[in-house]
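What follows is a single structure, written as structure tokens, with notes after it.
Worth saying up front: this structure is predicted, and the values here are computed from it rather than measured. By convention in this document, chain letters (A, B, ...) are assigned in the order of the sequence lines, proteins followed by strands, and residues within each chain are numbered from 1. Heavy-atom basis, side chains included; hydrogens, waters and symmetry copies ignored.
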Protein chains: 2
Amino acid sequence: MEDGTWKAPSYCTGTDDDVRQWDTREDCEVRQILDRIADKWSLLVIALLDRRTMRFTELRKEIDGVSQRMLTVTLRQLERDGLIKRTVYPVSPPRVDYELTALGNSLQEVTKALVVWTERHQQEISEARTEYDQREILPVS
Amino acid sequence: MEDGTWKAPSYCTGTDDDVRQWDTREDCEVRQILDRIADKWSLLVIALLDRRTMRFTELRKEIDGVSQRMLTVTLRQLERDGLIKRTVYPVSPPRVDYELTALGNSLQEVTKALVVWTERHQQEISEARTEYDQREILPVS
DNA sequence: CGGGATCCAGCGCGATACTG
DNA sequence: CAGTATCGCGCTGGATCCCG
């Protein structure tokens, strides 16, 4: 749409610790990575792998509602991004272990904060929704 | 699918500070809220509203690629969740201001950490992807 | 300017069947 | 057990038109 020139925001250059300026461009790498991380299953997988190794079926049992296909796809993406390590044991029946890499572990700490926040404020959000929905019904007065 | 009985995980009762056990059930409130926050635009809106008030068009200009419809939908959801405050000025032409609530501000701090992480590690992720893709091509040997 | 209403395309995701 | 392959639906989200 526009020309390809743009100034790298502070969080890209690392020269500024005030991260107010996001790059909101669609093709920004940060947005692509965020989209990946924020998909339906990735956060759950990363959370479950906190400090332990898990097998495929184990993960599948823990994550309610995930299809075998989507678990496979999610694990492959996370592996490709270097966030988890996949270990195949050449035995029969096959056995595959998944664990976080160092990179994945550092992400885990950040996402955990997000979950803790959600847990801690779900009551407030729930109340806000109720109040909002009731306002909708009342006359404008 | 199953019976309605389940034990509340530690992060729901708040009796345990080790948040390893997620509730991974589909109808878990935490997962619903995470799904909401992690949609395509919410994080960007919350980020942009950091410590400032913005108008609709202003937001739309900043967020590359957002349609007017999706920006409206996103803002309504965030307002319903009590994360942002919407102020309508009865003037002509109309003017609507958006700003974070206290709740939204606390979330902002958490999500900022996620963005900072992404920024700081995008290089590593990019390299991991390249390496992974090259492994795919090589013979198993 | 800041929306609401409607229509519709893409694809994320689930269901199912098959495999080493 | 841990996948791969195929098919198809639903829902997110984009395009367009209209409005106070």
Roughly, in whole Å, what's the span from [atom1] in [X] to [atom2] in [N]?
| X | N | atom1 | atom2 | answer |
| --- | --- | --- | --- | --- |
| B:Asp64 | D:dG14 | CG | P | 11 Å |
| B:Leu59 | C:dG2 | CG | P | 10 Å |
| B:Met54 | C:dG2 | CE | C1' | 15 Å |
| A:Arg36 | C:dC11 | CZ | P | 15 Å |
| A:Lys40 | C:dC11 | NZ | P | 18 Å |
| A:Asp35 | C:dG10 | CG | P | 19 Å |

| side-chain N/O A:Thr57 vs D:dA2 OP1/OP2, d < 4.0 Å |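 Checking D:dA2 against A:Thr57, a side-chain N or O does come within under 4.0 Å of OP1 or OP2.
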
| query | Within the structure shown, what part of the strands sits under 4.0 Å from A:Arg60 by heavy-atom distance: base, sugar-phosphate, or nothing? | reply |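 No contact at all - A:Arg60 keeps every heavy atom at 4.0 Å or more from the nucleic acid.
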
| task | Tell me, with the steps shown, if B:Leu75 and B:Arg86 meet side chain to side chain contact (heavy atoms under 4.5 Å, CB included). | result | CA-CA 9 Å; B:Leu75 288 168; B:Arg86 179 169 176 264; over 6 Å; no

| request: Dump the intermediate steps for salt bridge (Lys or Arg N to Asp or Glu O under 4.0 Å) on B:Asp35 and A:Lys40, then the final yes or no. | output: CA-CA 7 Å; B:Asp35 283 351; A:Lys40 194 169 180 183; over 6 Å; no

Within the distance-only criterion (no hydrogens, no angle test), does the side chain of [X] pair as donor or acceptor with the backbone N or O of [Y] below 3.5 angstrom?
| X | Y | result |
| --- | --- | --- |
| A:Ser126 | A:Gln122 | no |
| A:Glu58 | A:Arg55 | yes |
| A:Ser106 | A:Leu103 | yes |

| query | Which nucleotide in the set C:dT16, D:dG13, C:dG3 lies at the smallest distance from any side-chain heavy atom of A:Gln68? | reply |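 For the A:Gln68 side chain, the nearest candidate turns out to be C:dT16.
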
| task | Report the nucleotide, chosen from C:dG14, D:dG14, C:dG3, that has the shortest atom-to-atom distance to any side-chain atom of B:Tyr98. | result |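 Among the listed nucleotides, the one closest to the side chain of B:Tyr98 is C:dG3.
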
| Those residues that, when tested against A:Lys85, pass salt bridge (Lys or Arg N to Asp or Glu O under 4.0 Å) (two or more places apart) |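 Expected list: A:Glu99.
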
| query | Does anything in residues 69-97 of chain A reach DNA chain C, meaning a heavy atom under 4.0 Å, and if so which residues? | reply |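 Contacting residues: A:Arg69, A:Met70, A:Pro94.
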
